[in-house]
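Working notes, structure below.
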Number of protein chains: 2
Amino acid sequence: MRIGELAKRTGLTPSRIRFYESAGLLGPVERRPNGYRSYSAEAEALLLVVTSAQQAGFSLDEVRHLLPTGSQGWQHEGLVAAMKRKVEEIAALEQQLAQRKAQLVAVIDGIENRPDGLDCADNAKRVLALLRT
Amino acid sequence: MRIGELAKRTGLTPSRIRFYESAGLLGPVERRPNGYRSYSAEAEALLLVVTSAQQAGFSLDEVRHLLPTGSQGWQHEGLVAAMKRKVEEIAALEQQLAQRKAQLVAVIDGIENRPDGLDCADNAKRVLALLRT
DNA sequence: CATAACGTTCAAGCGAGGTTGAAGGTCAAC
DNA sequence: GTTGACCTTCAACCTCGCTTGAACGTTATG
(Lines give C-alpha, C1' and ligand atoms only; values in the text may rest on other atoms or scores of the structure.)
Protein backbone atom coordinates (compact mmCIF):
# COMPACT_ATOMS: atom_id res chain seq x y z
CA MET A 1 0.00 0.00 0.00
CA ARG A 2 1.34 3.43 -0.89
CA ILE A 3 0.88 6.47 1.28
CA GLY A 4 -2.07 7.80 -0.68
CA GLU A 5 -4.13 4.72 -0.15
CA LEU A 6 -3.18 4.52 3.50
CA ALA A 7 -4.25 8.13 3.80
CA LYS A 8 -7.63 7.38 2.28
CA ARG A 9 -8.14 4.34 4.45
CA THR A 10 -7.30 6.19 7.65
CA GLY A 11 -8.81 9.54 6.75
CA LEU A 12 -5.49 11.28 7.43
CA THR A 13 -3.52 13.41 5.00
CA PRO A 14 -0.29 12.01 3.58
CA SER A 15 1.61 14.90 5.11
CA ARG A 16 0.23 14.01 8.48
CA ILE A 17 1.31 10.41 8.09
CA ARG A 18 4.80 11.51 7.09
CA PHE A 19 4.76 13.88 10.04
CA TYR A 20 3.96 11.02 12.39
CA GLU A 21 6.79 9.02 10.89
CA SER A 22 9.23 11.89 11.34
CA ALA A 23 8.00 12.18 14.92
CA GLY A 24 9.11 8.60 15.48
CA LEU A 25 5.62 7.18 15.87
CA LEU A 26 5.68 4.66 13.05
CA GLY A 27 9.15 3.19 13.29
CA PRO A 28 11.12 2.49 10.13
CA VAL A 29 8.88 2.40 7.07
CA GLU A 30 9.57 0.05 4.18
CA ARG A 31 10.49 1.54 0.84
CA ARG A 32 9.95 0.30 -2.69
CA PRO A 33 12.89 0.32 -5.09
CA ASN A 34 11.64 3.65 -6.42
CA GLY A 35 11.78 5.22 -2.96
CA TYR A 36 8.04 5.20 -2.35
CA ARG A 37 6.89 4.29 1.14
CA SER A 38 5.24 0.90 1.33
CA TYR A 39 2.83 0.11 4.10
CA SER A 40 1.39 -3.14 5.32
CA ALA A 41 -2.12 -3.51 6.66
CA GLU A 42 -0.65 -3.26 10.14
CA ALA A 43 0.22 0.36 9.50
CA GLU A 44 -3.45 1.17 9.28
CA ALA A 45 -4.04 -0.42 12.67
CA LEU A 46 -1.04 1.41 14.09
CA LEU A 47 -2.35 4.74 12.84
CA LEU A 48 -5.68 3.89 14.35
CA VAL A 49 -3.94 3.34 17.64
CA VAL A 50 -2.17 6.68 17.32
CA THR A 51 -5.27 8.68 16.49
CA SER A 52 -7.33 6.86 19.09
CA ALA A 53 -4.72 7.56 21.71
CA GLN A 54 -4.69 11.21 20.66
CA GLN A 55 -8.44 11.34 20.99
CA ALA A 56 -8.12 9.75 24.38
CA GLY A 57 -6.00 12.72 25.36
CA PHE A 58 -2.47 11.38 24.90
CA SER A 59 0.04 13.80 23.42
CA LEU A 60 2.16 12.52 20.55
CA ASP A 61 5.05 12.38 22.96
CA GLU A 62 3.10 10.16 25.30
CA VAL A 63 1.93 8.01 22.42
CA ARG A 64 5.49 7.47 21.30
CA HIS A 65 6.44 6.04 24.66
CA LEU A 66 3.47 3.71 24.60
CA LEU A 67 4.08 2.21 21.18
CA PRO A 68 6.24 -0.88 20.73
CA THR A 69 9.86 0.17 20.54
CA GLY A 70 11.64 -1.37 17.59
CA SER A 71 10.70 -5.02 17.34
CA GLN A 72 10.27 -5.35 21.05
CA GLY A 73 6.52 -5.77 21.00
CA TRP A 74 4.06 -4.19 23.37
CA GLN A 75 4.96 -3.78 27.00
CA HIS A 76 1.68 -4.67 28.58
CA GLU A 77 2.29 -3.54 32.10
CA GLY A 78 3.44 -0.04 31.25
CA LEU A 79 0.74 0.27 28.66
CA VAL A 80 -2.02 -0.76 30.97
CA ALA A 81 -0.67 1.44 33.71
CA ALA A 82 -0.57 4.43 31.35
CA MET A 83 -4.07 3.77 30.17
CA LYS A 84 -5.31 3.52 33.72
CA ARG A 85 -3.67 6.82 34.52
CA LYS A 86 -5.31 8.30 31.47
CA VAL A 87 -8.68 7.00 32.58
CA GLU A 88 -8.14 8.83 35.85
CA GLU A 89 -7.25 11.99 33.98
CA ILE A 90 -10.34 11.68 31.85
CA ALA A 91 -12.47 11.24 34.93
CA ALA A 92 -10.93 14.43 36.33
CA LEU A 93 -11.61 16.21 33.04
CA GLU A 94 -15.18 15.03 33.12
CA GLN A 95 -15.58 16.59 36.53
CA GLN A 96 -14.07 19.84 35.33
CA LEU A 97 -16.33 19.88 32.30
CA ALA A 98 -19.37 19.23 34.43
CA GLN A 99 -18.33 22.08 36.69
CA ARG A 100 -17.80 24.43 33.76
CA LYS A 101 -21.14 23.53 32.36
CA ALA A 102 -22.78 24.11 35.73
CA GLN A 103 -21.09 27.51 35.99
CA LEU A 104 -22.23 28.51 32.53
CA VAL A 105 -25.74 27.41 33.31
CA ALA A 106 -25.62 29.38 36.55
CA VAL A 107 -24.46 32.50 34.70
CA ILE A 108 -27.17 32.08 32.09
CA ASP A 109 -29.71 31.72 34.80
CA GLY A 110 -28.25 34.70 36.63
CA ILE A 111 -28.75 36.85 33.57
CA GLU A 112 -32.15 35.59 32.56
CA ASN A 113 -33.60 35.75 36.04
CA ARG A 114 -32.11 38.99 37.22
CA PRO A 115 -33.79 40.00 40.48
CA ASP A 116 -36.12 42.95 40.17
CA GLY A 117 -34.62 46.21 41.24
CA LEU A 118 -31.03 45.17 40.53
CA ASP A 119 -29.37 47.07 37.72
CA CYS A 120 -27.18 45.42 35.14
CA ALA A 121 -23.82 46.29 36.65
CA ASP A 122 -24.81 45.12 40.10
CA ASN A 123 -26.25 41.96 38.65
CA ALA A 124 -22.96 41.36 36.85
CA LYS A 125 -21.21 41.56 40.22
CA ARG A 126 -23.70 39.20 41.75
CA VAL A 127 -23.22 36.69 38.95
CA LEU A 128 -19.43 36.94 39.05
CA ALA A 129 -19.51 36.41 42.77
CA LEU A 130 -21.23 33.11 42.12
CA LEU A 131 -18.34 32.04 39.90
CA ARG A 132 -15.72 32.55 42.57
CA THR A 133 -17.21 30.02 44.93
CA MET B 1 -3.79 49.55 40.99
CA ARG B 2 -0.63 48.86 38.99
CA ILE B 3 -0.14 45.78 36.89
CA GLY B 4 1.86 43.93 39.52
CA GLU B 5 -0.88 44.12 42.09
CA LEU B 6 -3.52 43.17 39.55
CA ALA B 7 -1.35 40.20 38.65
CA LYS B 8 -1.15 39.09 42.26
CA ARG B 9 -4.88 39.52 42.80
CA THR B 10 -5.78 37.52 39.71
CA GLY B 11 -2.99 34.98 39.86
CA LEU B 12 -1.90 35.88 36.33
CA THR B 13 1.52 37.09 35.25
CA PRO B 14 1.93 40.72 34.22
CA SER B 15 3.04 39.59 30.79
CA ARG B 16 -0.14 37.65 30.40
CA ILE B 17 -2.24 40.65 31.34
CA ARG B 18 -0.37 42.81 28.85
CA PHE B 19 -0.85 40.06 26.30
CA TYR B 20 -4.60 40.08 26.88
CA GLU B 21 -4.61 43.82 26.45
CA SER B 22 -2.70 43.58 23.19
CA ALA B 23 -5.16 40.93 22.09
CA GLY B 24 -7.94 43.46 22.51
CA LEU B 25 -9.56 41.76 25.47
CA LEU B 26 -9.29 44.59 27.98
CA GLY B 27 -10.09 47.65 25.92
CA PRO B 28 -8.10 50.85 26.43
CA VAL B 29 -6.22 50.80 29.72
CA GLU B 30 -5.68 53.98 31.73
CA ARG B 31 -2.16 55.28 32.19
CA ARG B 32 -0.55 57.24 34.98
CA PRO B 33 1.52 60.30 34.08
CA ASN B 34 4.61 58.13 34.26
CA GLY B 35 3.26 55.74 31.66
CA TYR B 36 2.39 52.96 34.08
CA ARG B 37 -0.88 51.16 33.48
CA SER B 38 -3.54 51.91 36.06
CA TYR B 39 -6.34 49.47 36.69
CA SER B 40 -9.63 49.83 38.50
CA ALA B 41 -11.22 47.07 40.54
CA GLU B 42 -13.38 46.28 37.54
CA ALA B 43 -10.32 45.06 35.69
CA GLU B 44 -10.00 42.24 38.16
CA ALA B 45 -13.58 41.19 37.49
CA LEU B 46 -13.00 41.45 33.76
CA LEU B 47 -9.95 39.25 33.95
CA LEU B 48 -11.95 36.79 35.98
CA VAL B 49 -14.51 36.75 33.20
CA VAL B 50 -11.77 36.15 30.63
CA THR B 51 -10.12 33.29 32.48
CA SER B 52 -13.45 31.75 33.42
CA ALA B 53 -14.57 31.86 29.82
CA GLN B 54 -11.28 30.26 28.81
CA GLN B 55 -11.82 27.52 31.33
CA ALA B 56 -15.31 27.07 29.96
CA GLY B 57 -13.70 26.32 26.62
CA PHE B 58 -13.91 29.67 24.84
CA SER B 59 -10.91 30.65 22.76
CA LEU B 60 -9.53 34.15 23.27
CA ASP B 61 -11.01 35.05 19.94
CA GLU B 62 -14.43 33.95 21.07
CA VAL B 63 -14.02 35.74 24.38
CA ARG B 64 -13.21 38.97 22.59
CA HIS B 65 -16.48 38.86 20.72
CA LEU B 66 -18.39 38.25 23.92
CA LEU B 67 -16.95 41.11 25.92
CA PRO B 68 -18.59 44.55 25.90
CA THR B 69 -17.31 46.50 22.91
CA GLY B 70 -16.19 49.98 23.84
CA SER B 71 -18.66 51.54 26.26
CA GLN B 72 -21.54 49.66 24.77
CA GLY B 73 -22.16 47.39 27.74
CA TRP B 74 -22.94 43.72 27.62
CA GLN B 75 -25.20 42.40 24.91
CA HIS B 76 -27.22 39.94 26.85
CA GLU B 77 -28.89 38.08 24.04
CA GLY B 78 -25.74 37.28 22.12
CA LEU B 79 -23.92 36.47 25.33
CA VAL B 80 -26.57 34.09 26.56
CA ALA B 81 -26.84 32.51 23.13
CA ALA B 82 -23.07 31.96 23.00
CA MET B 83 -23.08 30.46 26.45
CA LYS B 84 -25.90 28.16 25.55
CA ARG B 85 -24.00 27.05 22.46
CA LYS B 86 -20.99 26.44 24.65
CA VAL B 87 -23.05 24.37 27.04
CA GLU B 88 -24.07 22.24 24.07
CA GLU B 89 -20.43 21.90 23.06
CA ILE B 90 -19.48 20.90 26.56
CA ALA B 91 -22.21 18.30 26.62
CA ALA B 92 -20.85 16.92 23.35
CA LEU B 93 -17.35 16.91 24.82
CA GLU B 94 -18.62 15.08 27.86
CA GLN B 95 -20.05 12.41 25.62
CA GLN B 96 -16.77 12.09 23.73
CA LEU B 97 -14.84 11.88 26.96
CA ALA B 98 -17.14 9.20 28.26
CA GLN B 99 -16.70 7.28 25.04
CA ARG B 100 -12.93 7.60 25.17
CA LYS B 101 -12.89 6.42 28.71
CA ALA B 102 -15.08 3.49 27.81
CA GLN B 103 -12.74 2.59 24.95
CA LEU B 104 -9.71 2.78 27.17
CA VAL B 105 -11.38 0.63 29.76
CA ALA B 106 -12.34 -1.84 27.03
CA VAL B 107 -8.76 -1.98 25.81
CA ILE B 108 -7.44 -2.48 29.32
CA ASP B 109 -9.93 -5.26 29.83
CA GLY B 110 -9.02 -6.74 26.44
CA ILE B 111 -5.39 -6.93 27.48
CA GLU B 112 -5.92 -8.15 31.01
CA ASN B 113 -8.45 -10.78 30.06
CA ARG B 114 -6.87 -12.10 26.91
CA PRO B 115 -8.70 -15.29 25.89
CA ASP B 116 -6.68 -18.45 26.38
CA GLY B 117 -5.04 -19.71 23.27
CA LEU B 118 -4.89 -16.32 21.59
CA ASP B 119 -1.40 -14.99 21.04
CA CYS B 120 -0.44 -11.41 21.62
CA ALA B 121 -0.59 -10.20 18.05
CA ASP B 122 -3.96 -11.78 17.44
CA ASN B 123 -5.24 -10.35 20.67
CA ALA B 124 -4.04 -6.93 19.58
CA LYS B 125 -6.13 -7.30 16.43
CA ARG B 126 -9.12 -8.39 18.44
CA VAL B 127 -8.78 -5.41 20.76
CA LEU B 128 -8.32 -2.96 17.91
CA ALA B 129 -11.37 -4.38 16.21
CA LEU B 130 -13.33 -3.44 19.30
CA LEU B 131 -12.19 0.15 18.94
CA ARG B 132 -13.52 0.50 15.40
CA THR B 133 -17.09 -0.19 16.36
C1' DC C 1 23.41 58.43 45.73
C1' DA C 2 23.08 53.74 44.87
C1' DT C 3 20.48 49.80 44.28
C1' DA C 4 16.61 46.94 43.96
C1' DA C 5 12.06 46.36 42.66
C1' DC C 6 8.91 47.89 39.93
C1' DG C 7 7.24 49.52 35.28
C1' DT C 8 7.61 50.34 29.85
C1' DT C 9 8.14 48.66 24.62
C1' DC C 10 9.21 45.65 21.06
C1' DA C 11 10.86 41.64 19.00
C1' DA C 12 11.75 37.06 19.27
C1' DG C 13 11.01 32.38 20.84
C1' DC C 14 8.48 28.18 22.31
C1' DG C 15 5.70 23.88 21.91
C1' DA C 16 2.18 21.33 19.90
C1' DG C 17 0.54 19.59 15.82
C1' DG C 18 0.56 19.94 11.87
C1' DT C 19 0.19 22.35 6.52
C1' DT C 20 2.18 24.34 2.35
C1' DG C 21 5.30 24.95 -1.31
C1' DA C 22 9.21 24.34 -4.32
C1' DA C 23 11.81 21.33 -6.91
C1' DG C 24 11.96 17.14 -8.58
C1' DG C 25 11.39 11.66 -9.54
C1' DT C 26 8.00 7.79 -11.21
C1' DC C 27 4.42 5.65 -13.58
C1' DA C 28 0.12 4.60 -16.24
C1' DA C 29 -2.76 6.04 -19.97
C1' DC C 30 -3.66 7.97 -24.26
C1' DG D 1 6.01 11.32 -25.91
C1' DT D 2 3.48 14.00 -23.17
C1' DT D 3 0.12 14.83 -19.85
C1' DG D 4 -1.43 14.14 -15.12
C1' DA D 5 -1.63 11.71 -10.85
C1' DC D 6 1.15 10.18 -7.52
C1' DC D 7 5.42 10.03 -4.90
C1' DT D 8 10.01 12.13 -2.73
C1' DT D 9 12.66 15.70 0.42
C1' DC D 10 13.37 19.75 2.81
C1' DA D 11 12.48 23.99 4.58
C1' DA D 12 9.34 27.29 5.74
C1' DC D 13 5.15 28.65 7.57
C1' DC D 14 0.88 28.52 10.55
C1' DT D 15 -2.26 29.11 14.91
C1' DC D 16 -2.72 29.51 19.90
C1' DG D 17 -1.47 31.25 23.99
C1' DC D 18 1.62 32.83 25.98
C1' DT D 19 6.96 33.70 27.93
C1' DT D 20 11.50 35.69 27.63
C1' DG D 21 14.90 39.04 26.83
C1' DA D 22 17.04 43.41 25.71
C1' DA D 23 17.12 48.02 26.52
C1' DC D 24 15.41 51.39 29.11
C1' DG D 25 12.56 54.60 32.58
C1' DT D 26 10.59 55.25 37.62
C1' DT D 27 10.13 54.89 42.50
C1' DA D 28 10.91 53.41 47.29
C1' DT D 29 14.44 52.43 50.64
C1' DG D 30 18.78 52.40 53.06
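Numbers restart at 1 for each chain; the letters A, B, ... are given by sequence-line order, proteins then strands. No experiment lies behind these values; they were computed from the predicted model shown.
Residues passing the side-chain contact (heavy atoms from CB on, under 4.5 Å) test with A:P33, sequence neighbours excluded: none. For A:R32, the side-chain contact (heavy atoms from CB on, under 4.5 Å) partners are A:R2, A:N34, A:Y36, A:S38, not counting sequence neighbours. A:D109 is linked by a side-chain contact (heavy atoms from CB on, under 4.5 Å) to A:N113, counting only residues two or more places apart in sequence or in another chain. Legend: residues meeting side chain to side chain donor-acceptor pair (under 3.5 Å) with B:E30, ordered by chain and number and at least two apart, are absent. For A:K8, the side-chain contact (heavy atoms from CB on, under 4.5 Å) test picks out no residue, with sequence neighbours left out. Applying the side chain to side chain donor-acceptor pair (under 3.5 Å) criterion to A:T13, with sequence neighbours excluded, gives A:S15. A search for side chain to side chain donor-acceptor pair (under 3.5 Å) contacts involving B:R114 returns nothing, not counting sequence neighbours. A:Y39 meets the side chain to side chain donor-acceptor pair (under 3.5 Å) test with no other residue; sequence neighbours excluded.
Rounded to 10°, the helix from C:dC1-D:dG30 to C:dC30-D:dG1 has 20° between the axis fitted to its first five pairs and the one fitted to its last five.
More than 12 heavy-atom neighbours from other residues, nucleotides or ligands sit within 6.0 angstrom of CD on A:Q54.
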Atom pairs, protein N/O to nucleotides 12-15 of chain C N/O, distance under 3.5 Å:
none

Check the interface with nucleotides 17-21 of chain D: list each N/O to N/O pair with the protein under 3.5 Å, or write none.
| residue | atom | partner | partner atom | Å |
| --- | --- | --- | --- | --- |
| D:dC18 | OP1 | B:R16 | NE | 3.3 |
| D:dC18 | OP1 | B:R16 | NH2 | 3.4 |
| D:dC18 | OP2 | B:Y20 | OH | 3.1 |
| D:dC18 | OP2 | B:Q54 | OE1 | 3.4 |
| D:dC18 | OP2 | B:Q54 | NE2 | 2.5 |
| D:dT19 | OP2 | B:T13 | OG1 | 2.9 |
| D:dT19 | OP2 | B:S15 | OG | 2.9 |

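With respect to A:E62 and A:R85, no salt bridge is recorded, no charged nitrogen being found less than 4.0 Å from a carboxylate O.
Counting only heavy atoms from C-beta outward, the side chains of A:I17 and A:R37 never approach each other to under 4.5 Å.
One atom, CG of B:L6, and another, P of C:dC6, lie 15 Å apart when rounded to the nearest Å.
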Contact pattern, 5' to 3', of nucleotides 3-9 of chain D - B, S or - by protein heavy atom under 4.0 Å: ---BSBB
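Distance alone, capped at 3.5 Å, places no donor-acceptor pair between the B:R9 side chain and the B:A41 backbone.
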